[in-house]
Each structure stands twice: as C-alpha cells, then as structure tokens.
Student: 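The following block contains the structure, expressed as structure tokens.
Lettering of chains follows the sequences in order, A, B, ..., and the numbering in each one begins at 1.
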Amino acid sequence: MAEISKSYEPRDVEKKWYADWLKNDCFAGRVDASREAYSIVIPPPNVTGVLTMGHVLNNTLQDVLIRRARLEGKSALWIPGTDHAGIATQTVVERELRKQKLHRRDLGRDKFLEKVWAWRHEKGNIILEQLRRLGASCDWNRTQFTMDEHYSNAVLNVFTELFKRGHIYRGKRMVNWCPVSLTALSDEEVIMKPSNGTLFHVRYELVDQPGRFIEVKTTRPETIPGDVAIAVHPEDPRYAELLGKKVWRPLNRTKIPIIADKSVDREFGSGALKITPAHDKVDFEIGQRHHLPAIDVLNPDGTLNELAGPGLAGLDRFAGRKKAAELLKECGALLGEEAYSNNVGYSERADVPIEPRLTWQWWLRYPRIEEAKAAVRDGHIKFHPERWSKVYLHWLENIQDWCISRQLWWGHRIPVWYRKDVDREKLTEADLRDPAKVHVSLKGPADPENWIQEEDVLDTWASSWLWPFATMGWPDAKTMETAGIRYFYPTSTLVTGPDIIFFWVARMIMAGLEFMEPGKPLEQRIPFRNVYFTGIIRDNQGRKMSKSLGNSPDPLDLIEKYGADGLRFGIISIAPQGQDIRFQEERIEGGKNFCNKLWNASRFRQMSGPAGDNSSLAAILARLESSKFDADDHAILQRLVSTMAEVERCFREFEFSAAVQALYAFFWGDFCDWYVEVSKAKLQDESTKLNCLAIQDLVLRQTLLLLHPVTPFITEELWSQLGYGRDGAFLMRDVRLETAAEFTATLDTKGLSINRGLADSVEKLKQVVSQARALKAEHNQASRRDSSFLATAADADWAVLQANLAKLTRMCGAASIERRDKVDGAPAVVTPLGTLYLDLASSVDAGAEKVRIAKELEKLTQHIAGTEARLSNPAFVGKAPPAVIEGARKQLADQQAKRAELERLLAALG
RNA sequence: GGACCCUUAGCUCAGUUGGUUAGAGCGUUUCCUUGACAUGGAAAAGGUCACUGGUUCGAGUCCAGUAGGGUCCACCA
C-alpha cells in the first residue's frame, strides 16, 4: 500500500476511475431476476446544450440514486440520451448558414437536414461528455437520441395509432404563432409577460348618423383593417339602440356591423369591443358565432400585408402600430392614448410576442386523462414534494387539445400524405379518414407519385413524451426483450424540474398509460413510480441563472477548481427538497474541503499503524475485541449505526441534502473531531492500539460506502488504497451496503453489541473537555498541552474521569489532571463530572473571575426558575407525558446541583 | 382573478409526528502551525423564529388573519 499523499488531488483520480469503471462495464444495467430492478431515464438534454448548474444538480441526484441502488444490491439502470430539440437546433444551424449568407430555403429541405445531421454528429455529444466528467454512471451503451431510427419509428407509430384511435385531427384554428421561428407553438411554449404599452381610444362613426360615434379601446390599432364588427353586450342599455347598425371602419375604410355578444365585458373601457377574428382568440370565437369573415392583415413573419391597406402594408407589426395611430389621428378617429400595462404572450424560444394566427394544424385530444389523474391522486405515482400533484391535477382538469404540428424541417415529419388532387384547405374531418384522399402510415403510400407528404414535423415534446418506453425498444418486441423492458419498466424515479411538469411529466404519464401493456393494471403502465422535483438554481441575488445574464458558472470550471466530488457534495448539500436554490460557490468549496478531510482521516489511519485485514466486513469485525472497548468505541459505533439509519430514512423520503448533512456531522464532528483525537491517546497504549485501528477501519469502510453515491471518485480511490477491495472488484459495483438493522444484528451475533450506557457517557466527557478548553481560552492559555488542571469530584465521577484520564488530558490540552479534596482561588468550571480548576502559576484576577461566574449563575438561575415554574404547574404535571415530566425533574436536580457548586465557588472568591 | 410556496443568527439555509437552554455552513472576533488535515484545530460573539390573535399544561412547529417576497395558472380588449 503506497503512502497517501498529503492533500487530495482529484484530477488524476477522477480520470483513472472513470476509465476503469467504463473498461469493466460497471455501468451496464442487467436483467437479473434475483435482484430488485431500479431504473431511471435521464431527462434528455437538448443536443444543442452545454452543461449548466441545473444539469449538474439534476444529474448528480440521479447518479446518487443509481449508485445508492447499486449499493443496496439492486440491479440499476440509468438510460442516457439527448433530445433533438426541433426549434433550438434548427435555429443554431440556420444561424451558421446565415454567416454564409444562406437561408435554409436556399438549400432545400434535404440538403438542410444533411447540414443539421452533420452538426449533430460534430457537436451533439458535448453535453454527454460533460456528464461523464461529473461522474454520471449511465449505461452509455444504451445512449438514445430522439431522432434515431428506432426512436423515430416509435414516434411515427404513436402518431398513426393515435390517428387511428381518433385522438388526432387536423383543423384550422387559432394558434400561437411565432413570427421569428415561423411556426405554431403549443400553449405551454407561450410565456405571459407583463408589458407596458398604450391603450388607444378610437371612435368609429355611425354610417347612418354622421357625427355620432361608438368608441372602443385597443392596444392593437394596426389590426383595425382586420375589424369585421363592433361587439357590445346584449343587455348594455347604452348601446341597445345601436345594435344592427353599421359603422365606418376608420382604417381601410368600410362598413362593419354592431353586434351583440355576451362575452363582452361591459365594465371594460367603453363596453364596446372591436372584433378582429384573425388576430385574437376571443374575437375569433365571436366571429364564428356570428358567421363573420376573418381578415388576416399579417404575414407569417409579423409584417402587415396588403389587406392592411396602403400606408400600413409592408410595415413590421410594431412600426405598423405607430403608423396606424398616426393615420387614425389624421382622420380624427383617435381620441387619445393612455399608458397601459397588460400581459402579452411571448414565444419561449425566440422571446418575441406571439401572434394569434389562424392556420391549419394537427391537434391531439389527449388520451387517458382520467387515468393520468388517478395515477397521481391514488398514489401510484408519488410526487416529491407532494404539493406539485395539485398543480398537475389542476392542469389536467383544464386541459386543452395539443397543437402537435410545427412548421419546421428538423423533427419527425408527420406521416401523412395527401392525394395530389385534393384541396388541403377544404379537407373535412371525414375526408381525413378517407384513404382515397389522405394516407396515414409509417411507410407511406404504395404509389408515392400520386401523393404529397405533409410538410410539417411534430412538436419535439411529441417525441420526448415516449421517452420512458421508447428508450427501452418500444414498439419492437425483440428490442424490448433485449432492453429488458419487462424488468425495468415502470422506471423507479424521475428527477426533473417542476417547470416541465406539463411539457413532459404529465404527457409521459398519459403516453405510458395509453401504450404500455394494454389491458394491464394502471400501476404497470405508468412510466415511473416517483417523481422528484428539483429546485431552480438561482444566483446569489436570487435571479435565475441564464446565459444572457452571464451569472451561471461553468460547471467544468468548478470541477477543475473543486473536483467533481466537491461539486457534487456541495450542490447536493444546498439543494433542500422543493425549494429553489441560492447558489453559493463557498458551498462547493465546502464540498472540496470535506473531500480533503476524508482524505486526511484516511491518511491518519494509514500512518497510525499497520494495515489489518480489511478485505470484508467480517474480516474487520474479527479484529475487534469487545473486551477492549471503551466508552468512545461504543459511542462511535452507536453514532455510525444511527447515521446509517438516518441516511436510509433520507433516501426513503427523498431528503438528499439532509443525508449529506448527516454524513458530514458524523464524519467531521463525531469521527474526526472526537474519535480520531481520542485515538491519539489510545494508540499510545499497546493494549488498546489494535482494537482502535480496527474500529477506525470499520468506521472508514462504512463511511466510504455511505458517501459513495455523493462522492464516487474519492471513495473508490480510498476503498482501493485502504485495502477494502479485492483485486478487480469495485466499491461501486461489487459491494453491498448493509442496512443499519443488519449491521447492528451482525455486531450482536459477533459479541460486539453496543453498550448504550457507556456510549452515552461520552456526552459528559465531551462537555468536560469543552468546558476545560473554554476555561483555558478564557484565561488566554494557548491550547497546547501545558496546563495543569485540578479536579474536585465525587468518587463515582472521579472514577469515570480516571478511566478516561489519558484521553482527557490530551483532549483538554492539559499537562495533568489531578484530584484534590479542596481547591481555593483558582478559576473553575462546574462540569457534569465534578469541578475543574485551572492551576495557574500567576495570580488570578478574582474580580474578573467573580463576574464570569456570577454571569453564569444568573443565566442558570433563570433556567431553574423556568423549570420550577413548569413543574409546579398542576396542569403540566397532570397532563404532560411521564417521560417529559421525568426529564424536567432530572434537569432541575442537575441545575440545582450546579447552582450550589457555582455559589460555593463564588463565595470562595470572597 | 385563482392556486401554491417562502419569511428562523450578518449571509445562505436546516428544524421529521408540538416537549429540556432553537441548529449547521459561510462570515466575524480571539488563540493555536501540537506527528492526518491551516482545504486545519480550539474557544467565543451573534436569534423578541415577519406581525396579530387563537388552540394547548406547553407553539419556530397546529389554526385564523395581516404585511412583505416569490412561483404557477387564467381570453379582460
């Protein structure tokens, strides 16, 4: 065994072990009937993506779950992959083309797609490479891409099936149109943003009563040429006599009717609403009810077209708005303007206001809505934190059909062909189902020359909603068998952000229910059993991390600086359940420091004595001698067991940061700060040395196992260096972590049972040490081992002190601790095991000493008063549980004894 | 307009079913390079648990309300 270096250097260790794990196929998910299956599918990052802090959090959590599952003896599978990200990827490649002054139309569809594929092959795996640096133990041989042939096959299969089952239709409806991406978007891809605009007051002159006007307020005067009516509420007395009359539309002047519709809000503005069916969803519905035409005055790119009339045609919509206001002013129709703030829908991708636009699109009536609700409501799928289920259910209650077609080239082209002689603008629902007019299949028609394929592709989410089973080979029976879908599906846990609960989580549930194992009960068709929602990572000012703000650190820089384990440990420790995360680099630094502490504790063990047989838990236990156990041995084993139990609880309840904090407190606080320090005395004594080393070996072994899911690299390295592994075996793959219960039972059967009483007595020793150190600090004594202490103690207490004297002397920084019957004039502290005096050569400042003790006495007296008050309250004594009352009585007795001793000390000072 | 979340030490946050004197990390102050670790050790300072009521023997914890901050949903032009 080579000597361990003085500080932990992650770089080479990480590289070495990751390569070793890969070489030995440690990440492979295998069907193994003798083990419980545990599976996760990665939320596929965009192929265009680079690793963000969000990815780090999300994927570290998944890796933690997967690695813990392996240690628990489960057969674990983590499927990685990427998403083709239609709009984002197409935009990236189009931007490249623009540098060469080319547009995708210059290349044509096929040539353009070749370019995208080339880009994908060159750059599309960057993010997966970065995940490897993080230590992600994905089964890389199963890496998936949503545009892979078999995956595409699944997507198109689902389309044709859902079409057959009547869930998919084509319709001309109002959609959210992105004038930059030139495609329709789903409602979920539209973000409402408050915007400061202008509300224009416009008057429309009555045709048969010149000089009389009806007034409306609008934020969009440029759409006035598209007005086809003015609507008022049917019961609005102000306008009753105007119903049925006509007014002059002030732009592109023509006559339009005044109509009545109940959807008009009488309270808003003047109570009259201009109706522009082509440019507003409500107006469109009113238009439908009243059989009004829709006049579309916009081009797809958001410029005004010739229907907008001279003066406006050709302008961009925002320039057109200004111009329209000017034109209205010129003709006297503009009564005024007021500043106005309202919510405007923005395209999530392009970050520009969307246009409601009337277009032909493909729509999906979601399948299995009721089952999807039941799956979560009845607990077959558990959300963590649970409260997100309410958001989920609310969305399903109000669900709208999904616009699944996109006017893009990069994506799954819709497998629909139109007979050349049919007019697509006039296809009815019945025509769609007529194979003589429309062909829907994976392979296409037998006589392609007579057909034209649909140009549109599917929404990216209409492929990723199949992720949990399409990545396991669906729908091909043989591939599914190889992938082990019967074993690994439903997956165990999905780790994702609540921001895609509608986009992805809800839709995956519906897809799983619709397509998996038809006829089987719901709990076998759901895609996952648990969903863990991470928080959103914010910067230290609380802003979302984003590329444009430049406030997101590069995770790879952090790995360089703190090591992958440090980053992982840090990010998990600041990620409490369900709360957003304020990123602080200091916490990552803390992760690195923890790794260094672990490293050095192992180094201390190695330097403390010869290596024993560490090859198995049984081998280490065989080296323990219970007859040599002192209170500290019992205490550290007890804390080890309780930490194991706490970590188990944390994993059961998805409290990962609590698990990390428990491990930190145990290892740093209990092991390093106490046990290792007392070891220094125990190791001096040949009779206790070997047992003490074996305890250290045992604690280190269990700690490495518990920590491994969070800090995989350093634990694998130390596992190897400290001789825990057999040749060719890996901590991550070949070791099973005992449960706390199993561990305790093993100790019992080996005659190594933990003595609770002895273990608890360490608490008193710790207090003695802490108080002694404080006393020294109070009197400006350096913490070196050079102070003399005297003690007055009852026989029983002195016996405890004496039994631990060597350790205590060392821990207190004492040259000696001697018992006396009586000590006068020395500064003292009252400990649970007697009074401890600092034997100062120099004279003591009695005044300062009196102040210090008096202060402590005052504080104590307050507590005693509180305790006495409680105990003298008959209601408390009558109603509180006996254990609580007993505790209070004991506390009172201790406090009173301590008070008496402090009073005595005070009196002795004169 | 509806729903949900948050408010605890200078900062970022824990605090499980109500039960001794409310914790951690970072930061601050003092001391310490003692044979694992200065990426460290020891000690200390620092909190009317946002506010107001209520339930209870007992409330940071449960209930109601108020204030401030945040998120999501919603077709008010």
Student: Which is it for A/Gln767 and A/Glu763 under the side-chain hydrogen bond (donor to acceptor under 3.5 Å, both in side chains) test, yes or no, and what are the steps along the way?
Tutor: CA-CA 6 Å; A/Gln767 275 189 48; A/Glu763 281 314 307; 5.9 Å; no

Student: For A/Gln584 and for A/Asn600, find the nucleotide of RNA chain B with the closest heavy atom, then tell me which residue's nucleotide is more 5'.
Tutor: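 On the 5' side of the pair lies A/Gln584.
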
Student: Out of B/A14, B/G41, B/C75, which has the shortest distance to the side chain of A/Val282?
Tutor: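 So the side chain of A/Val282 is nearest to B/C75.
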
Student: Applying the Watson-Crick and G-U wobble criteria at under 3.5 Å, what pairs with B/C26? Answer none if nothing qualifies.
Tutor: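 Base-paired to B/G10.
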
Student: With nearest nucleotide decided by heavy atoms, which residue, A/Arg582 or A/Arg387, maps closer to the 5′ end of RNA chain B?
Tutor: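 The residue closer to the strand's 5' end, by nearest nucleotide, is A/Arg387.
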
Student: If I take atom CD1 in residue A/Ile885 and atom P in nucleotide B/C57, what distance separates them, rounded to the nearest angstrom?
Tutor: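 Whole-Å distance recorded here is 13 Å.
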
Student: As a test of reading the structure: which of B/C72, B/A44, B/A74 is closest to the side chain of A/Asn343, going by heavy atoms?
Tutor: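 Closest of the options to the side chain of A/Asn343: B/A74.
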
Student: Heavy atoms from C-beta onward define the side chain here; which of B/G19, B/C26, B/C73 lies closest to that of A/Glu586?
Tutor: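 The answer is B/C26.
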
Student: Rounded to whole angstroms, how far apart are CD1 on A/Ile571 and C1' on B/U12?
Tutor: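 Going from A/Ile571 (CD1) to B/U12 (C1'), I get 13 Å.
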
Student: Describe the nucleic acid contact of A/Tyr340 in one word from base, sugar-phosphate, nothing, applying a heavy-atom distance below 4.0 Å.
Tutor: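 A/Tyr340: backbone/sugar contact only, no base atoms under 4.0 Å.
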
Student: Could you give the CZ-to-C1' distance, from A/Arg220 to B/A77, as a whole number of Å?
Tutor: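 After rounding, the gap between these two atoms is 11 Å.
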
Student: Give a yes or no on whether the backbone of A/Val297 and the side-chain of A/His279 come within a donor-acceptor separation of less than 3.5 Å.
Tutor: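 Yes; at least one donor-acceptor contact below 3.5 Å.
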
Student: What nucleic acid atoms does A/Asp673 come within less than 4.0 Å of, heavy atoms only: base, sugar-phosphate, or nothing?
Tutor: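 Here A/Asp673 touches the backbone only, sparing every base.
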
Student: When you compare B/U39 with B/G27, how far apart are their P atoms, in angstrom units rounded to a whole number?
Tutor: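 The answer is 12 Å between these two P atoms.
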
Student: Using a cut-off of 4.0 Å on non-hydrogen atoms, how would the nucleic acid contact of A/Lys6 be classed: base, sugar-phosphate, or nothing?
Tutor: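 Sugar-phosphate contact only - A/Lys6 comes under 4.0 Å of backbone atoms but never of a base.
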
Student: If you check every side-chain atom of A/Cys672, which of B/U71, B/A43, B/A36 has the closest atom?
Tutor: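 Per side-chain heavy atoms of A/Cys672, the pick is B/A36.
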
Student: At less than 4.0 Å, is any side-chain N or O atom of A/Lys776 found next to OP1 or OP2 of B/C32? Yes or no.
Tutor: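 Result: no.
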
Student: When rounded to the nearest 0.5 angstrom, what is the spacing between CD1 in A/Ile230 and CD1 in A/Ile258?
Tutor: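 It comes to 7.0 Å.
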
Student: Pick base, sugar-phosphate or nothing for A/His394, based on heavy-atom distances below 4.0 Å to the nucleic acid.
Tutor: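 Touches sugar-phosphate only.
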
Student: Counting just side-chain N and O atoms, does A/Asn398 come under 4.0 Å of either OP1 or OP2 of B/A74?
Tutor: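 So the side chain of A/Asn398 is outside the cut-off, no N or O lying under 4.0 Å from OP1 or OP2 of B/A74.
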
Student: Sticking with atom C1', work out how far B/G10 lies from B/C51, rounded to a whole angstrom.
Tutor: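 It works out to 22 Å between them.
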
Student: For the side chain of A/Trp668, starting at C-beta, report the closest nucleotide among B/U21, B/G40, B/C57.
Tutor: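 When the side chain of A/Trp668 is considered, B/G40 is the closest of B/U21, B/G40, B/C57.
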
Student: Given 3.5 Å as the limit, does a donor-acceptor pair link the side chain of A/Asp236 with the main chain of A/Val232, or not?
Tutor: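 Between the backbone of A/Val232 and the side chain of A/Asp236 there is no qualifying donor-acceptor contact (under 3.5 Å).
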
Student: Looking only at the side chain of A/Gln895 (C-beta and beyond, no hydrogens), which of the listed nucleotides B/C13, B/U21, B/A36 gets closest?
Tutor: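 Nearest to the side-chain atoms of A/Gln895, counting from C-beta on, is B/U21.
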
Student: Picking from B/U12, B/A44, B/C72, which would you name as closest to the side chain of A/Ala774?
Tutor: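 Looking only at side-chain atoms, A/Ala774 lies closest to B/A44.
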
Student: For A/Phe654 and A/His384, work out which heavy atoms get closest and say how close.
Tutor: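 Heavy atoms of A/Phe654 and A/His384 come nearest at CE1-NE2, 3.3 Å.
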
Student: Mind checking the P distance from B/G70 to B/U30? Whole angstroms is fine.
Tutor: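 Nearest-Å result for B/G70 against B/U30 at atom P: 39 Å.
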
Student: Can you tell me the Watson-Crick or wobble partner of B/C62, both distances under 3.5 angstrom?
Tutor: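 Paired with B/G54.
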
Student: Answer with base, sugar-phosphate or nothing: what part of the nucleic acid does A/Ser770 contact at a heavy-atom distance below 4.0 Å?
Tutor: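 Sugar-phosphate, no base atom in range.
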
Student: Say you pick atom C1' in B/A45 and the same atom in B/U52; how far apart are they, in whole Å?
Tutor: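 Rounded to whole Å, the distance is 32 Å.
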
Student: With a 4.0 Å limit, can you tell me whether A/Thr867 has a side-chain N or O closer than that to the phosphate oxygens OP1/OP2 of B/U20?
Tutor: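 No, outside the criterion.
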
Student: Measure the OG1-CG distance between A/Thr703 and A/Leu598 for me, rounded to the nearest 0.5 Å.
Tutor: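 Rounded to the nearest 0.5 Å, the OG1-CG separation comes out at 7.5 Å.
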
Student: Return the nucleotide paired to B/C4: Watson-Crick means purine N1 to pyrimidine N3 with N6-O4 or O6-N4, wobble means G-U with N1-O2 and O6-N3, both under 3.5 Å.
Tutor: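 Paired with B/C4, as far as the under-3.5 Å criterion goes, is B/G70.
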
Student: Counting side-chain heavy atoms from C-beta on, which of B/G40, B/G19, B/A77 comes nearest to A/Asn593?
Tutor: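 Of the candidates, B/G40 comes closest.
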
Student: Output the single nucleotide from B/C72, B/C57, B/G41 whose closest atom is nearest the side chain of A/Lys597.
Tutor: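 Selected nucleotide (nearest to the side chain): B/G41.
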
Student: Answer with yes or no whether A/Glu677 presents, from its side chain, a donor or acceptor under 3.5 Å of a partner atom in the base of B/A42.
Tutor: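 No.
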
Student: Look at all strands and tell whether A/Asn873 reaches a base, only sugar-phosphate, or nothing, counting heavy atoms closer than 4.0 Å.
Tutor: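 Sugar-phosphate, backbone atoms only, no base.
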
Student: With distance as the sole test, does A/Arg773 use its side chain to make a donor-acceptor pair with the main-chain N or O of A/Met811 at under 3.5 Å?
Tutor: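 Judged by distance alone, yes, a pair lies under 3.5 Å.
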
Student: Categorize A/Lys390 for me: base, sugar-phosphate, or nothing, with a 4.0 angstrom heavy-atom threshold over every strand shown.
Tutor: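 The residue A/Lys390 makes sugar-phosphate contact but no base contact.
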
Student: Checking all strands, does A/Pro881 fall into the base, sugar-phosphate, or nothing category for heavy-atom contacts under 4.0 angstrom?
Tutor: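 Result for A/Pro881 = base.
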
Student: What nucleic acid atoms does A/Phe284 come within less than 4.0 Å of, heavy atoms only: base, sugar-phosphate, or nothing?
Tutor: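 A/Phe284: no heavy atom of the nucleic acid under 4.0 Å.
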
Student: Walk me through whether A/Phe502 and A/Tyr392 qualify under side-chain contact (heavy atoms from CB on, under 4.5 Å).
Tutor: CA-CA 7 Å; A/Phe502 312 137; A/Tyr392 167 88; 5.7 Å; no

Student: Would one find a side-chain N or O of A/Lys544 under 4.0 angstrom from OP1 or OP2 of B/G70?
Tutor: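 For B/G70, neither OP1 nor OP2 has a side-chain N or O of A/Lys544 closer than 4.0 Å.
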
Student: Whole-Å distance between B/C13 C1' and A/Tyr664 OH?
Tutor: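 So the two atoms are 14 Å apart, to the nearest Å.
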
Student: Measuring only the C1' atom in each nucleotide, how far is B/C49 from B/A9? A whole number of Å is fine.
Tutor: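 Taking atom C1' in both B/C49 and B/A9, they lie 10 Å apart.
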
Student: Out of B/C72, B/U20, B/A14, which has the shortest distance to the side chain of A/Gln891?
Tutor: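 Of the candidates, B/U20 comes closest.
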
Student: Could you state the atom-to-atom distance from CZ of A/Phe604 to C1' of B/G40 in whole Å?
Tutor: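 One finds 14 Å between C1' of B/G40 and CZ of A/Phe604, rounded.
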
Student: My understanding is that a pair needs two contacts under 3.5 Å, Watson-Crick or G-U wobble. By that rule, which nucleotide pairs with B/G47?
Tutor: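 Partner of B/G47: none.
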
Student: Check every strand shown and say whether A/Val216 touches a base, only sugar-phosphate, or nothing at a heavy-atom separation below 4.0 Å.
Tutor: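 Since no nucleic acid heavy atom lies under 4.0 Å of A/Val216, the category is nothing.
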
Student: Enter the distance from A/Lys807:NZ to A/Tyr675:OH here, rounded to the nearest 0.5 Å.
Tutor: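 Rounded to the nearest 0.5 Å, the NZ-OH separation comes to 8.0 Å.
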
Student: Please name the nucleotide paired to B/C37 by Watson-Crick or G-U wobble geometry with both distances under 3.5 Å, or report none.
Tutor: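 Check on B/C37: unpaired, no WC or wobble geometry under 3.5 Å.
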
Student: Sticking with atom P, work out how far B/G15 lies from B/C6, rounded to a whole angstrom.
Tutor: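 Taking atom P in both B/G15 and B/C6, they lie 10 Å apart.
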
Student: For a side-chain hydrogen bond (donor to acceptor under 3.5 Å, both in side chains) check, start with the C-alpha distance between A/Asp227 and A/Tyr204, then their side-chain angles and the critical distance, and finish with the verdict.
Tutor: CA-CA 11 Å; A/Asp227 288 355; A/Tyr204 292 55; 2.5 Å; yes

Student: Between B/A22 and B/U66, how far apart are the two C1' atoms, rounded to whole Å?
Tutor: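 Rounded to whole Å, the distance is 25 Å.
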
Student: Rounded to whole angstrom, note down the C1' distance from B/A43 over to B/A3.
Tutor: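 Here B/A43 and B/A3 have their C1' atoms 50 Å from each other.
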
Student: Nearest-Å distance, OH (A/Tyr8) to P (B/U39)?
Tutor: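 Answer to the nearest Å: 17 Å.
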
Student: Take atom CZ of A/Arg603 and atom C1' of B/G40, then tell me their distance rounded to the nearest Å.
Tutor: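 From A/Arg603 CZ to B/G40 C1': 12 Å.
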
Student: Base, sugar-phosphate alone, or nothing: which one does A/Ser7 contact when heavy atoms must sit under 4.0 Å apart?
Tutor: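 Base contact.
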
